[in-house]
Amino acid sequence: MTRFNTHVEDHGTHVTIHTPDPFSYQQVVAYLNRSENECLHRVDGATVYKAIPINTEIAVMAVSNPTPSRIEIRLLESGGCAVSDALLAAARYVWEWFDLDANLVPFYQLATGDPVLKTLVTDYYGLRLIGVPDLFEALCWAVMGQQINLAFAYTLKRRFVEAFGTRTTVRGHTYWIFPDACRISELTPSELTALGFTTRKSEYLAEIARWMRRGAITKQGLLALPDLESVVDALTDIRGVGKWTANYVAMRCLRHRSAFPIDDVGLHHAVSRLLGMNQKPTREELGVLFAPWHGYEAYATFYFWRHLLAPEY
DNA sequence: CACCAGGAATTGC
DNA sequence: GCAATTCATGGT
């Protein structure tokens, strides 16, 4: 949060964030709007609505973009605490969610001399790596997405959230908070398989919930580890968390710039498509392609994912 | 109706 | 160690 204080202004009824270049709110919203089935935020035009937990209550924010270099955050509900506290919490959430602490200038400079990256940063100029700040959510979402199509993953997430999460309704819209690990750790196996999770995935989710409940895995603890390798080692101790999931979480929750889910099928499709290949790239080809981008694998991967949202031709 | 999906654990050699 | 197998259901 090095630059947070200098970029955020409290206006009493709302806060504004001056966004560091390069940044495009439009690109961020395009990514947030990628699934009709998303249940943890709502996009209406150019406004993004999201609920976040405040103490034991729920605050609901509306995020908009009054000027190109400014994000505005208002509250639809302050969760029973002081408005200024809830606004600050909302601003901190958006700051992390949209990865506004990152300096993208070096990545964009690297891209100017690289044909592939140049295409990506031109097409999606200002896109930030949208995060999943809650560790339990990031782990669960990764596990839910293992080996199934994304549309089904969103359906599973919605069922999971609506079965075990908490909700608040404001102005006719319902906003959900992702379930707490303690709640999930208490479930019987059948309560998860009933939602469409396979037996194994149900076990994985319950296992992750137990690790988190007993404090064996915490975001703070993982952030304190010296490097990505240590993070992957720690996370893969959990049954159900392999290298793909560990790198996914490192990338979207812990903000490791070198995190690289190299076995990601979506990434394979995106690379194949952007480079005009007839088949999916091999692991070796991916290694060669990404080698010059070392230190920026996470952003390169994220931009490739964004590329999948674009129409085929 | 096949084929596959933003994988991981287990098994077999 | 590494490759093959199993899991297991909805989307297209």
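Computed from a predicted model, the values in this text were never measured in an experiment. Residue numbering restarts at 1 for every chain, and letters A, B, ... go by the order of the sequence lines.
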Pairs of donor and acceptor atoms involving the side chains of residues 288-297 of chain A, under 3.5 Å and at least two apart or interchain, shall be tabulated with distances.
| residue | atom | partner | partner atom | Å |
| --- | --- | --- | --- | --- |
| A/Trp293 | NE1 | A/Asp114 | OD2 | 2.8 |
| A/His294 | ND1 | A/Glu297 | OE2 | 2.8 |
| A/Glu297 | OE1 | A/Gly295 | N | 2.7 |

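- C/dG11 sits 22 Å from B/dA8 when the P atoms are compared, rounded to a whole Å.
- By the 6.0 Å and 45° rule, A/Arg214 stacks over the aromatic ring of A/Trp211.
- Think of the region where chain A sits on DNA chain C: with heavy atoms and a 4.0 Å cut, that region ends 5' and 3' at C/dT6 to C/dG11.
- Within the structure, every side-chain polar atom (N or O) of A/His268 is placed at least 4.0 Å from both OP1 and OP2 of B/dA5.
- Near DNA chain C, meaning a heavy atom under 4.0 Å away, there are no residues from residues 295-306 of chain A.
- With sequence neighbours excluded, no residue satisfies salt bridge (Lys or Arg N to Asp or Glu O under 4.0 Å) with A/Arg200.
- Summarising the hydrophobic clusters (Ile, Leu, Val, Met, Phe, Trp, Tyr; side-chain heavy atoms under 4.5 Å, direct or chained), the residues clustered with A/Val232 are A/Leu228.
- Contact between the side-chain N/O atoms of A/Arg200 and the OP1/OP2 oxygens of B/dT10 is not found at any separation under 4.0 Å.
- By the 6.0 Å and 45° rule, A/Arg92 stacks over the aromatic ring of A/Phe4.
- Between the CD1 atom of A/Ile208 and the C1' atom of B/dA9 there is a distance of 14 Å, given to the nearest Å.
- Partners of A/Lys157 under the side-chain hydrogen bond (donor to acceptor under 3.5 Å, both in side chains) rule, at least two apart in sequence or in another chain, are A/Glu38.
- Of the C1' atoms belonging to B/dA9 and C/dG10, the separation is 22 Å, rounded to the nearest Å.
- Nucleotides C/dA8 and B/dC1, compared at atom P, are 22 Å apart to the nearest Å.
- A/Tyr175 and A/Arg42 share a donor-acceptor pair across their side chains, judged by distance under 3.5 Å alone.
- A/Ser64 pairs in a side chain to side chain contact (heavy atoms under 4.5 Å, CB included) with only one of the listed residues (A/Arg74, A/Glu72, A/Arg70), which is A/Glu72.
- For B/dA5, its base sits under 3.5 Å from the side chain of A/Gln147 at one donor and acceptor pair at least.
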